[in-house]
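Report on one structure; see the data block that follows.
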Amino acid sequence: MRYRRPRGVNDILPDEVGQWQRAETAFRRLCKRYRYREIRTPVFEQTGLFTRTVGEESDIVRKEMYTFEDKGGHSLTLRAEGTAPTVRAFIENNLQGQDRERLVKLYYIAPIFRYDRPQAGRYRQHHQAGVEAIGSSNPAVDAEVIDLALAFYQEMGLEDVQLRLNSVGCPKCTPAYVETLKAALGAHVEELCPDCQRRYERNPLRILDCKQPACRRITEQVPKLLDMLCDECREHFEGLVAALDLLGIEYVLDPHIVRGLDYYTKTAFEFVCKGLGAQDSIGGGGRYDGLVEQCGGEPTPGVGFGIGLERVLLARKALGLEEGEPAREGVLVAALNDEAWAEAIKLTSELRDAGIIADLDYRRRSLRSQLRFANSEGFAATVILGEDELAKGVVVVRNMQTGEQQQVARTDAVEYLRNF
RNA sequence: GUGGACGUAGCUCAAUCGGCAGAGCACCUGACUGUGGCUCAGGUGGUUGUGGGUUCGAGUCCCAUCGUCCACCCCA
């Protein structure tokens, strides 16, 4: 029986790991600069954490979760998104401490699991790099997380990233808007797509997100939530826009951004990158002022985003930004006969003990083949050990970049190669 | 979850109407008996995704299944 990887999941192979580490390192460095601290939460959580926060009506909960029962009969779910687990850990470990005004800034890089039909840029396991800033309702914090995300895209060489911005209001203004929306749509319900007719009853806001041309025509006529925000939400949105202007960040107002997670309040945003086909959203987030309380904590506002790393890497590829050849490094110790082979094993070990990358060609082939091996494997140097060298107590060091060779006393070999 | 395209060597792809499974790259060996990259010569490599069916004969036609991709949907 030959096993294959399950549908929609990927192996990250040695040749690809470099670009992942590059992205992760860049994200970590930026987070540190903005003073976000890393948090690592479990790969599964109690199912209720997701169903109650993301929303029973969301696609994620209705059909995309990896849910299973453990031997104790508890319903668990693989991490379906990044915010709820972070908020859960924030509350459970009392990360805010006694200072109720303190802003706790956290980041994570973690796999996310959703059962969806796979496609390029859409997988059943993908990875998100995200931040959560919990404890402040200041719109300057919304601007800070957006600024951080954009800094990451820039660091990754993605130039044409568009910020799409909206406000989805709060429990004080959204219900009134929903009534207005339903009233405005009421006469056209028959013309909406079947999904939207469903949404009309259960989650009318999502109709604004529908991309069906027929629905689009109708929703364009309808009043915008942005024009009906309560004073608090309007002031917050104006504050965010002002802060973005201060930072020189451009944005496009997009009333269609509702986002598929129910906990969002006020700010909602999305980052879009051209050239990725249908899966062109490379990140998104928003504010969730009711989430901490909903998860059993003290009422505490928060804002954050998640960035899809697979899509960032795909975008780099589409732009031709793939990694170049890695720099040559390390030493191949080549042996020409059995006596030299024994010495080669010893020298390799000494080099490794000295912290130098070193290896042997265990196939015991001709010098020609060993040099070919050293070349294709990207070694910086080859040490040649043969009859002559053993007799003279020396080694020959060949620079694989230039082809220059140097005879070095066997006793000085490790030191010479340390400074190579 | 809906509709569609495509699965042939490690990689990229050929194979006419159903008639001997091929090329380039890569890899191995040699030309060069102790010197890589360039060149040249030779060579290894395949259950044509998998399982059935039709046929004298299937990579090719039919059915199923798995996978990848595209659009929708959704999202990152």
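Naming convention: chains lettered A, B, ... in sequence-line order (proteins, then strands); numbering from 1 in each chain.
Atom pair A:Q128:CD and B:A76:P shows a separation of 6 Å (rounding to whole Å applied). If you measure from atom CG of A:D59 to atom P of B:C73, you get 11 Å, rounded to the nearest angstrom. Rounded to whole angstrom, the span from the CZ atom of A:R62 across to the C1' atom of B:C73 amounts to 11 Å. Computed from coordinates, the A:N375 CG to B:C38 C1' distance equals 12 Å when rounded to whole Å. Atom CG in A:D15 sits roughly 13 Å away from atom C1' in B:A26 (whole-Å rounding). Counting to the nearest Å, the P atom of B:U35 and the CG atom of A:D388 are 12 Å from each other. As rounded to whole Å, 11 Å separates atom C1' of B:C75 from atom OH of A:Y264. Nucleotide B:G37 holds its P atom 18 Å from the CD atom of A:E404, rounded to whole Å.
Under the 3.5 Å distance criterion, with hydrogens and angles disregarded, no donor-acceptor pair is assigned to the side chains of A:T83 and A:T86. Side-chain contact, A:E159 with A:Y153: no donor N or O sits under 3.5 Å from an acceptor N or O.
Note that A:R328 lies outside the cation-pi zone of A:F379, set by a 6.0 Å cut-off to the ring centre and a 45° limit from the axis. Both tests do not hold together for A:K266 against A:F237: distance to the six-membered ring centre under 6.0 Å, angle to the ring axis within 45°.
The neighbour count for A:E24 CD, taken as heavy atoms of other residues, nucleotides or ligands under 6.0 Å away, is above 12.
Within the model, atoms CE of A:M65 and CG of A:D59 stand 12.0 Å from one another, a figure rounded to the nearest 0.5 Å.
Positionally, the nearest nucleotide of RNA chain B for A:Y115 lies more toward the 5' end than for the other of A:E310 and A:Y115. When each of A:Q125 and A:K63 is assigned the nucleotide of RNA chain B bearing its nearest heavy atom, the one mapping closer to the 5' terminus is A:K63.
Note on A:R418 versus A:E415: salt bridge recorded, some NZ/NE/NH1/NH2 to OD/OE distance being below 4.0 Å. The pair A:E81-A:R114 does not count as a salt bridge, with every side-chain nitrogen at least 4.0 angstrom from each carboxylate oxygen. In this structure, A:D361 pairs ionically with A:R365, as a charged nitrogen and a carboxylate oxygen lie closer than 4.0 Å.
With C1' as the reference atom, B:A21 and B:A15 are 8 Å apart, rounded to whole Å. Comparing B:G59 with B:G7, their P atoms sit 14 Å apart, to the nearest whole Å. Taking atom P in both B:C38 and B:G46, one finds a spacing of 26 Å when rounded to whole Å. The same atom, P, is picked in B:C27 and in B:A76; the two are 42 Å apart, to the nearest Å. Comparing the same atom, P, in B:G57 and in B:C20 gives a spacing of 15 Å after rounding to whole Å. Separation of the P atoms belonging to B:G3 and B:G19 is 33 Å when rounded to the nearest angstrom. Separating the P atom of B:G24 from that of B:C40 is a span of 12 Å, rounded to the nearest Å. Comparing B:A58 with B:C17, their C1' atoms sit 14 Å apart, to the nearest whole Å.
Counting only Watson-Crick and G-U wobble pairs whose two distances sit under 3.5 Å, RNA chain B takes part in these stems of three or more pairs: B:1-7 with B:66-72, B:10-13 with B:22-25, B:27-31 with B:39-43, B:49-53 with B:61-65.
Side-chain atoms of A:E389 and base atoms of B:G34 include a donor and an acceptor less than 3.5 Å apart. No donor-acceptor contact under 3.5 Å links the side chain of A:R372 to the base of B:C28.
Of the side-chain N and O atoms in A:R365, one or more sit less than 4.0 angstrom from OP1 or OP2 of B:C28. The phosphate of B:U29 has neither OP1 nor OP2 within less than 4.0 Å of any side-chain N or O from A:S366. Contact annotation: A:R368 side-chain N/O to B:G36 OP1/OP2 distance is under 4.0 Å.
Residue contacts shown for A:S369 are limited to sugar-phosphate atoms, with no base heavy atom under 4.0 Å away. The residue A:E81 sits apart from the nucleic acid: no heavy atom pair falls under 4.0 Å.
For A:R398, whose side chain is taken as the heavy atoms from C-beta onward, the closest listed nucleotide among B:G36, B:C27, B:C74 is B:G36. In this structure, of B:A76, B:C74, B:G34, it is B:C74 that holds the atom nearest to the side chain of A:Q279.
The closest side-chain heavy-atom distance from A:E377 to A:L332 is not below 4.5 Å.
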All N/O pairs under 3.5 Å across the protein-nucleotides 64-70 of chain B interface:
unit_1 : atom_1 : unit_2 : atom_2 : d
B:U68  : OP1    : A:G8   : N      : 3.2
B:U68  : OP2    : A:R7   : NE     : 3.2
B:C70  : OP2    : A:A120 : N      : 2.6

